[in-house]
Amino acid sequence: MGFGHCAVGLAAKPVAPKVPLGILLLATMMLDVLAIAFGWMGIEGAKAGIPWSHSLLMSVIWSVAAGLLCSRIYHNHRAGVVIGLLVFSHWVLDFISHPIPFSSFSWRSWQWSYGHPLAPDLPLLFSGSPKVGLGLYNSISAAQATALECGMLVLGAAVYVTYTRRKREKQQSAA
Ligand SMILES: [Zn+2]
């Protein structure tokens, strides 16, 4: 999925006008990109969990690193702060929604359920440290979760479209 994360990136455009939308979206998805990369490298996965990409500690470190990098690239302090917050917003949304019973998802019935709540999967520090997660997606159906994410995406897109339209109108009236 990830629509919810994309929604945050779209909605951030007005506060970081210098940063291309693709970079804003990438920032919101960065922890998942890292998780895929670490999965390929074999240091994260079903057994090892996601301590390097998704622990609270590492998420703060990735957020600060991405923020510093972008404030350099765009010579803009605010762009760096926004990027850092976007990277960290991924952890906040994951904290609310995880663990996600996606491996039990059925495309035929559009349902997921293990019949019992899953254990939290977001470590606080390193592997072996306590894991957290409010588990929203444990208690709502796959269809409800999809509706929620699509709703967020529509809201985020509305913010983005309103912003770009106003900007175009301003440019036209100035020309
Ligand atoms: Zn994630």
Side-chain angles (χ1 to χ4, degrees), residues 1-13 16 19 21-70 80-107 110-114 117-157 160:
M1 286 218 240
F3 283 177
H5 296 303
C6 290
V8 180
L10 283 160
K13 182 66 176 169
V19 185
L21 180 63
I23 301 294
L24 296 173
L25 295 177
L26 186 65
T28 67
M29 302 292 281
M30 185 176 150
L31 300 185
D32 283 353
V33 173
L34 288 170
I36 293 167
F38 293 153
W40 272 336
M41 291 157 65
I43 56 175
E44 284 196 348
K47 247 197 192 157
I50 43 175
W52 293 103
S53 61
H54 277 71
S55 77
L56 177 58
L57 174 73
M58 288 310 296
S59 299
V60 170
I61 292 174
W62 296 126
S63 302
V64 171
L68 289 174
L69 184 70
C70 281
V81 172
V82 172
I83 289 289
L85 289 173
L86 284 179
V87 174
F88 191 69
S89 78
H90 184 105
W91 195 87
V92 176
L93 289 188
D94 277 6
F95 173 66
I96 296 167
S97 55
H98 274 226
I100 300 176
F102 199 77
S103 51
S104 71
F105 179 75
S106 154
W107 288 101
W110 201 256
Q111 294 286 337
W112 65 39
S113 172
Y114 282 107
L118 290 176
D121 64 344
L122 299 172
L124 285 177
L125 301 169
F126 304 103
S127 64
S129 68
K131 291 179 181 159
V132 295
L134 297 180
L136 176 66
Y137 286 8
N138 262 334
S139 50
I140 64 176
S141 72
Q144 285 170 323
T146 308
L148 178 67
E149 302 229 356
C150 290
M152 286 178 71
L153 187 64
V154 168
L155 283 178
Y160 178 78

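Computed over heavy atoms, backbone and side chain alike; hydrogens, waters and symmetry mates excluded. Numbering of ligands and ligand atoms starts at 1, following listing order. All values derive from a computational prediction rather than experimental measurement.
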J.: What closest approach, in Å, do S59 and S53 show between heavy atoms, and which atom pair accounts for it?
T.: OG-O, 3.9 Å
J.: Can you list the protein N, O or S atoms less than 2.8 Å from the Zn ion (ligand 1)?
T.: D32 OD1, H54 NE2, H90 NE2, D94 OD2
J.: Any side-chain heavy-atom pair from L24 and L86 closer than 4.5 angstrom?
T.: yes
J.: Looking at F105 versus W110, is the centre-to-centre ring distance below 6.0 Å?
T.: yes
J.: Take atom CH2 of W52 as the centre, draw a 6.0 Å sphere, and report whether it contains more than 12 heavy atoms from other residues, nucleotides or ligands.
T.: no
J.: Under 3.5 Å, is there a donor-acceptor pair between the H54 and H90 side chains?
T.: yes
J.: Between S97 (side chain only) and L136 (backbone N and O only), is there a donor and an acceptor less than 3.5 Å apart?
T.: no
